[in-house]
Amino acid sequence: ISAFLTAFDRSLAETRIEAGRDEWLWGSSLPRLRYVATIFLDSEGVAGTGSVSRAELYRCLPSRSQLLKDLVQGDMVGPVRVRDATARLSPDPIGHDFIRVGEAAVAIDPLSSQGIQEALLAAIQAGAAVHTILTPGCDPAPALEFYRERRQAVAARSRLTAARFYRAHADRSSFWARR
């Protein structure tokens, strides 16, 4: 869950990340004394809740945080938004007439902080694959296989990296152990 808040305290200028008991929190400052904070938790924690309940949960979780607890004193600038941040790999990231790039191909766990870097790399690799596929006389099979293998490698590396991060906090709760 995520929302924009006013940052009444200038000490919230830096990006912050913290492991909670059943969640992890990320926050970063924005222009005009605003702050965005995102809380990653199990989907059943917010499934079926209305906007009022989500806002209450959003205010409650940072209040238990050491790094983001001061946010609860700020005013919410917009609604609390809920998004699925589950890591996933597309069953087929490329074909003869389509290509999936970025999170359409591989959505990696946000704790790794590698999403933008991987999306840029995927775009470069996608460009090479598309160029080969569209070049008259070229066999598209190696380009298709190259792109599939690269996306599978990214997904595998992301799973290992995320598991290492989560394992470091597995003693906190089942939230961390399940990952």
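We number each residue from 1, following the sequence as shown. Just so we're clear, the structure is a prediction, and the values are computed from it rather than from any experiment.
Under the rule for a side chain to side chain donor-acceptor pair (under 3.5 Å), S43 has no partner lying at least two apart in sequence or in another chain. Applying the side chain to side chain donor-acceptor pair (under 3.5 Å) rule to W26 yields no partners; only residues at least two apart in sequence or on another chain are considered. Annotation: side chain to side chain donor-acceptor pair (under 3.5 Å) contacts of D97 (sequence neighbours excluded): none. Shown here are the salt bridge (Lys or Arg N to Asp or Glu O under 4.0 Å) partners of R88, two or more places apart in sequence or in another chain: D84. Partners of R167 by salt bridge (Lys or Arg N to Asp or Glu O under 4.0 Å), not counting sequence neighbours: none found. Considering only residues two or more places apart in sequence or on other chains, A123 meets the side-chain contact (heavy atoms from CB on, under 4.5 Å) condition with V101. Under the side chain to side chain donor-acceptor pair (under 3.5 Å) criterion, S173 pairs with D22, sequence neighbours left out. Contacts of T135 classified as side-chain contact (heavy atoms from CB on, under 4.5 Å), with partners at least two apart in sequence or in another chain: H131, C138.
A distance of 6.5 Å separates CG of L68 from CD of E18, quoted to the nearest 0.5 Å. In this structure, OG on S65 lies 15.5 Å from CZ on R21, to the nearest 0.5 angstrom. Atoms CG and CD, on L67 and E14 in that order, are 8.5 Å from each other to the nearest 0.5 Å.
Looking at every heavy atom in both residues, F40 comes nearest to P110 through CE2-CG, 3.3 Å. Here the closest non-hydrogen pair linking P93 and A105 is CB-CB, 4.0 Å.
The other residues sharing a hydrophobic cluster with L120 are I116, where clustering joins ILVMFWY side chains under 4.5 Å apart. Hydrophobic clustering, defined by side-chain heavy atoms of Ile, Leu, Val, Met, Phe, Trp and Tyr closer than 4.5 Å, leaves V52 isolated from every other such residue.
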Return all side-chain donor-acceptor pairs below 3.5 angstrom for residues 153-162, not counting sequence neighbours, or 'none' if the list is empty.
unit_1 : atom_1 : unit_2 : atom_2 : d
R157   : NH2    : E118   : OE2    : 3.2
T161   : OG1    : R157   : O      : 3.0

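Annotation: side chain of I39 is in contact with side chain of P62 (closest heavy-atom distance under 4.5 Å). Side chains of Y166 and D109 form a contact here, defined as non-hydrogen atoms less than 4.5 Å apart.
Put simply, I108 and W24 are part of two different groups of oily side chains (I, L, V, M, F, W, Y) that touch within less than 4.5 Å, one to the next. When the side chains of ILVMFWY residues are joined at heavy-atom separations under 4.5 Å, either directly or via intervening members, L25 and L57 end up in a single hydrophobic cluster. By the rule that hydrophobic residues join a cluster once side-chain heavy atoms approach within less than 4.5 Å of another member, L89 and L144 end up as members of separate clusters.
Within the structure, the side-chain hydrogen bond (donor to acceptor under 3.5 Å, both in side chains) test picks out the following pairs touching residues 138-155 (sequence neighbours left out): D92-R148, Q125-R151.
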